[in-house]
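Note that these values count all heavy atoms, side chains included, but never hydrogens, waters or copies made by symmetry.
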Amino acid sequence: MYTNYQDSAQPDLKVNYSFYSNVMLRMNISLVKLGHEQCEACVAATLHQSASGHIDEDNFIAICSLCKSHMEHLRLASSSRLMYRADGDNIRTKEIVFAVDLQKVIQLPRLESLKSIVFAQRLLAFNETFAPVGSYAKAFPVIACVWDESTSGRSAADITSCFDKVVNWCCSNGVEQITFWLDNCSSRTKTGTCSCT
């Protein structure tokens with residue numbers, strides 16, 4: 001975020017990272033690197049390349065088939081990201097573009113750091129979020145489908161029911177075209193488009 005801010009800010013408004021972090025903290029925005037959501041292919045390639053030295057970083061030339069495969073993976077990720085941004089920036093009437101993500105399973109109540117109640121019974125909660133992409137965020141709300149294991153599970157039918165609710169909501173609000181971006185890895189992004197009829 002800091003790098004993005006530095007690149008997009010006015011040239012005469014550059015600030016150091018410490019000042020930027022303090023402002024973010026005052027705004028109650030935390031800056032964290034999400035290590036637990038790394039792409040498995042990228043992690044495997046990074047480990048391989050650091051152990052073998054198979055990438056010539058000066059010329060960015062892949063030496064083995066695994067490194068070449070990872071370079072193609074990165075190219076597809078970049079291409080997907082460009083299409084994703086284009087979908088969000090090109091507003092079309094009676095259409096919406098959603099980024100869809102299933103949050104990792106949450107155990108309720110959250111009882112961290114209390115050893116005496118670590119073994120207390122907990123309820124599993126699920127959250128499938130449908131966030132309007134780019135400029136669509138100004139016209140449409142974020143939709144969160146939240147449920148717990150006493151209601152339903154995390155099967156394909158359970159997840160599909162979330163999509164059904166969102167499609168019905170969109171259709172009842174005059175949306176005729178819906179595009180979903182589902183991201184389990186930025187180079188393997190699945191997109192789906194449906195129409196309300």
Side-chain angles (χ1 to χ4, degrees), residues 1 3-4 29-47 66 68-108 110 123-197:
M1 285 175 55
T3 305
N4 186 40
I29 299 172
S30 59
L31 305 173
V32 228
K33 183 175 181 181
L34 297 175
H36 64 280
E37 290 193 17
Q38 291 179 311
C39 165
E40 291 87 357
C42 289
V43 170
T46 302
L47 292 172
L66 183 62
K68 288 178 184 174
S69 172
H70 186 247
M71 286 177 71
E72 177 64 9
H73 172 80
L74 294 176
R75 187 191 67 74
L76 291 172
S78 178
S79 173
S80 294
R81 178 61 59 184
L82 289 173
M83 289 187 289
Y84 171 81
R85 286 193 178 128
D87 264 0
D89 292 339
N90 299 326
I91 292 272
R92 293 167 295 275
T93 58
K94 298 189 177 187
E95 291 189 30
I96 186 168
V97 178
F98 282 114
V100 184
D101 197 15
L102 180 66
Q103 183 181 13
K104 71 176 185 173
V105 175
I106 304 165
Q107 292 186 343
L108 298 176
R110 296 187 75 125
L123 188 64
L124 298 181
F126 308 99
N127 173 10
E128 181 85 26
T129 301
F130 296 79
V133 173
S135 301
Y136 289 99
K138 296 174 186 168
F140 294 95
V142 173
I143 300 171
C145 297
V146 181
W147 69 100
D148 65 64
E149 65 183 336
S150 70
T151 308
S152 192
R154 196 174 49 169
S155 69
D158 300 324
I159 303 300
T160 302
S161 69
C162 295
F163 283 86
D164 182 57
K165 296 276 187 196
V166 171
V167 168
N168 288 332
W169 180 88
C170 289
C171 292
S172 67
N173 283 284
V175 175
E176 295 177 358
Q177 182 87 15
I178 308 165
T179 301
F180 296 109
W181 281 86
L182 296 92
D183 184 19
N184 61 349
C185 174
S186 54
S187 71
R188 295 179 287 158
T189 300
K190 302 178 287 273
T191 58
T193 303
C194 65
S195 299
C196 299
T197 53

Would you indicate whether Arg92, at its atom CZ, is surrounded by more than 12 heavy atoms from other residues, nucleotides or ligands within a distance under 6.0 Å?
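Atom CZ in Arg92 is packed in, count exceeds 12.
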Spacing of [atom1] belonging to [X] relative to [atom2] belonging to [Y], to within rounding of 0.5 Å:
X      : Y      : atom1 : atom2 : value
Gln177 : Lys94  : CD    : NZ    : 12.5 Å
Ile159 : Glu128 : CD1   : CD    : 5.0 Å
Ser135 : Asp89  : OG    : CG    : 5.0 Å

Residue pair Phe140 / Pro132: nearest heavy atoms and the distance that separates them:
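Here Phe140 and Pro132 meet closest at O-CG, 3.4 Å.
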Has [X] got a side-chain atom pairing as donor or acceptor with [Y]'s backbone, closer than 3.5 angstrom?
X      : Y      : answer
Asn168 : Asp164 : yes
Thr160 : Ala156 : yes
Asp158 : Ser155 : yes
Ser80  : Leu76  : yes
Trp147 : Arg154 : no

Aromatic rings His73 and His70: how do their planes relate, parallel, tilted or perpendicular, breaks at 30° and 60°?
parallel
For Tyr136 and Phe98, I'd like to know if the aromatic rings sit close, meaning centre-to-centre distance below 6.0 Å.
no
Candidate pair Gln103 and Thr129, rule side-chain contact (heavy atoms from CB on, under 4.5 Å), full reasoning:
CA-CA 8 Å; Gln103 183 181 13; Thr129 301; 5.8 Å; no
Are any of the side-chain heavy atoms of [X] and [Y] separated by less than 4.5 Å?
X      : Y      : value
Trp169 : Val175 : no
Asp148 : Phe126 : no
Asn127 : Leu102 : no
Ile96  : Cys170 : yes
Cys42  : Leu74  : yes
Glu149 : Leu123 : yes
Asp87  : Val133 : no
Cys145 : Phe130 : yes

